[in-house]
Amino acid sequence: MTQSQGWASQSATTPLAPFRFSRRDPRENDVAVDIQFCGVCHSDIHFVRNEWGNAVYPVVPGHEIVGRVSAVGSAVSRFKPGDLVGVGVIIDSCRTCPSCRAGEEQYCDVGATLTYGVPDRYGDITQGGYSNNILVDQHFVHTVSDKLNAAGVAPLLCAGITTYSPLRHWQAGRNKKVGVVGLGGLGHMALKFAHAFGAHVVQFTTSEAKIDDAKRLGADEVVLSKDPEAMKKQTGSFDFILDTVSAPHDINPYLESLKRDATHAQVGLPDQPPVINMGHLLFRRRNLSGSIIGGMKETQEMLDYCAEKNITADVEVIPIQQINEAFERVVKADVKYRFVIDMASLERS
Ligand code: NAP
Ligand code: ZN
Ligand code: ZN
């Protein structure tokens, strides 16, 4: 067994606290990673607090992992000890269904294995990246460029690919008007990517204090979503809107803002369903869709794109001892724009 040290939650209402646990023995396709940084995704909070109703305890959250390879199994060909690598939201899938064969492992028909909080194919409950090490099959490990700041790369493993994939899928780019709803971890990456792809980007935010940042991050326009007049001016004008909001909110004004045949895609996953005025969909044949992370091939493509264009997340690096305070600040939309845990701090707990 591999001995691991992390921070875990024991129930929906208890704070995260130091936790020692064992990981399985390494297998021939495994890459053993010493974790350097792990991003703090709002999904970690939804899961730990059982807001989606699927939590298991104890849970070590964390699925935006960057670290160095410490050892590899005998069948591993793509990595060697010392390599800088990333691990994201999924660490296994069936590999044989049509989605897996198409490189869209996140849509595996059998259900992809999440990095934490689910049984893996051998029945062990997975534990995530708020810890010092992890073992992952090489197919689900990504190469990270040493050129980029490793702390800023960590959020690319979830917030990055979750926004890159739908923006590519719906061809956000030149001559397209693209909306990003919510300027948090996912939102600020969506803004950076849509801008880099050449789209005219409009950032919707509830936070007046984020307007200047939104412009700095690449927004051509910023709309305060609490202002009904400002929202009305957007009617029928968007080719694509990506909604990253974590809490229940009215999506009808965004549906009204779409052109004929245009799409509103959800990546945010609030714990309550929205109320939709079907008229907004019918009258201009608009589409309401969703998207979840991205496949392994596209995740590597995104990381390579970021290395080429020098794109990383804007991060606040914290020691693990500040994680419970960080959760509170994320819920209040008070982070610029992703907390990343420096795992060297684990030794102090
Ligand atoms: P985050 O950093 O907390 O950002 C969410 C943003 O939503 C906030 O910064 C805020 O932006 C806005 N917001 C918060 N409460 C709001 C409210 N009541 N009404 C309107 N806007 C509100 O969260 P995140 O880590 O980016 O994650 C966002 C969501 O995506 C979560 O639900 C998460 O579980 C989900 N997620 C999905 C995937 C996927 O694969 N689909 C992957 C990762 C995460 P402003 O201050 O600008 O208004
Ligand atoms: Zn995430
Ligand atoms: Zn599959």
Side-chain angles (χ1 to χ4, degrees), residues 38-49 51-52 61-65 88-90 92-116 121 128-129 154-166 180-191 203-211 213-214 217 219 222-226 242-251 253-254 265-272 274 289-295 299 313-316 326-339:
C38 186
V40 178
C41 178
H42 206 119
S43 300
D44 299 343
I45 303 173
H46 289 308
F47 190 92
V48 160
R49 298 186 174 177
E51 291 169 359
W52 292 330
H63 59 208
E64 294 185 335
I65 297 166
V89 179
I90 60 176
D92 201 2
S93 69
C94 84
R95 326 274 179 98
T96 56
C97 76
S99 294
C100 285
R101 275 190 269 136
E104 303 265 30
E105 297 90 343
Q106 74 279 27
Y107 301 118
C108 174
D109 291 349
V110 182
T113 305
L114 301 177
T115 302
Y116 60 82
R121 63 171 72 206
L156 302 180
L157 275 304
C158 176
I161 185 60
T162 298
T163 51
Y164 181 94
S165 181
V180 175
V181 188
L183 187 54
L186 267 55
H188 94 291
M189 289 313 308
L191 184 48
Q203 177 70 51
F204 293 95
T205 180
T206 59
S207 306
E208 223 169 324
K210 294 181 183 172
I211 291 176
D213 275 352
L217 293 164
V222 185
V223 174
L224 274 178
S225 52
K226 290 172 178 166
L242 190 65
D243 187 330
T244 73
V245 172
S246 51
H249 61 290
D250 185 8
I251 70 168
Y254 300 109
Q266 273 301 138
V267 284
L269 186 53
D271 60 358
Q272 300 293 323
S289 191
S291 180
I292 202 156
I293 46 169
T299 303
D314 286 25
V315 299
E316 292 189 42
F327 271 22
E328 291 307 323
R329 281 187 51 200
V330 172
V331 171
K332 287 189 210 141
D334 173 26
V335 49
K336 293 190 169 181
Y337 277 88
R338 196 57 138 191
F339 287 114

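Atoms within each ligand, like the ligands themselves, are counted from 1 in listed order.
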- Message: So, with waters excluded, how many protein N/O/S atoms does the Zn ion (ligand 2) have closer than 2.8 Å?
- Response: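 That number is 3, waters not included.
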
[X] to ligand 1: N or O pair under 3.5 Å?
X	result
P270	no
S207	yes
L183	yes
C158	no
K210	yes
I292	no
G182	no
C41	no

- Query: Does Q203 come within less than 4.0 angstrom of ligand 1, counting non-hydrogen atoms of the residue?
  - Reply: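 Under 4.0 Å: no for Q203.
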
At what distance is the nearest protein heavy atom to [atom], and which residue and atom is it?
atom	answer
atom 7 (O) of ligand 1	V245 CA, 3.6 Å
atom 33 (C) of ligand 1	S43 OG, 3.4 Å
atom 31 (C) of ligand 1	H46 NE2, 3.4 Å
atom 30 (O) of ligand 1	G268 CA, 3.3 Å
atom 20 (C) of ligand 1	T206 CG2, 3.5 Å
atom 2 (O) of ligand 1	G185 N, 2.9 Å

Would you kindly specify which portion of [X] sits under 4.0 Å from ligand 1, judged on non-hydrogen atoms: side chain, backbone, both or neither?
X	answer
F47	neither
H42	both
T162	side chain

- Shortest reach to atom 15 (N) of ligand 1 by a heavy atom, considering only P166, P248, A247: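 Among P166, P248, A247, the closest heavy atom to atom 15 (N) of ligand 1 belongs to A247.
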
- Query: For ligand 1, which atoms have a heavy atom of A333 less than 4.0 angstrom away?
  - Reply: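 Near A333, the atoms of ligand 1 are 8 (C), 9 (O), 10 (C), 46 (O).
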
- List-wise, which protein N, O or S atoms are found short of 2.8 Å from the Zn ion (ligand 3)?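 You should have found C94 SG, C97 SG, C100 SG, C108 SG.
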
- Message: Could you measure the distance from the CZ atom of R49 to the CG atom of D44? Nearest 0.5 Å is fine.
- Response: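 Here the rounded value is 11.0 Å.
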
- Query: Distance from L242 atom CG to S291 atom OG, nearest 0.5 Å?
  - Reply: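 Output value for this atom pair is 7.5 Å.
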
- Message: Can you tell me which residue among H188, R338, K336 is in a side-chain contact (heavy atoms from CB on, under 4.5 Å) with D314?
- Response: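 Result: among H188, R338, K336, H188 is the only option passing the side-chain contact (heavy atoms from CB on, under 4.5 Å) with D314.
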
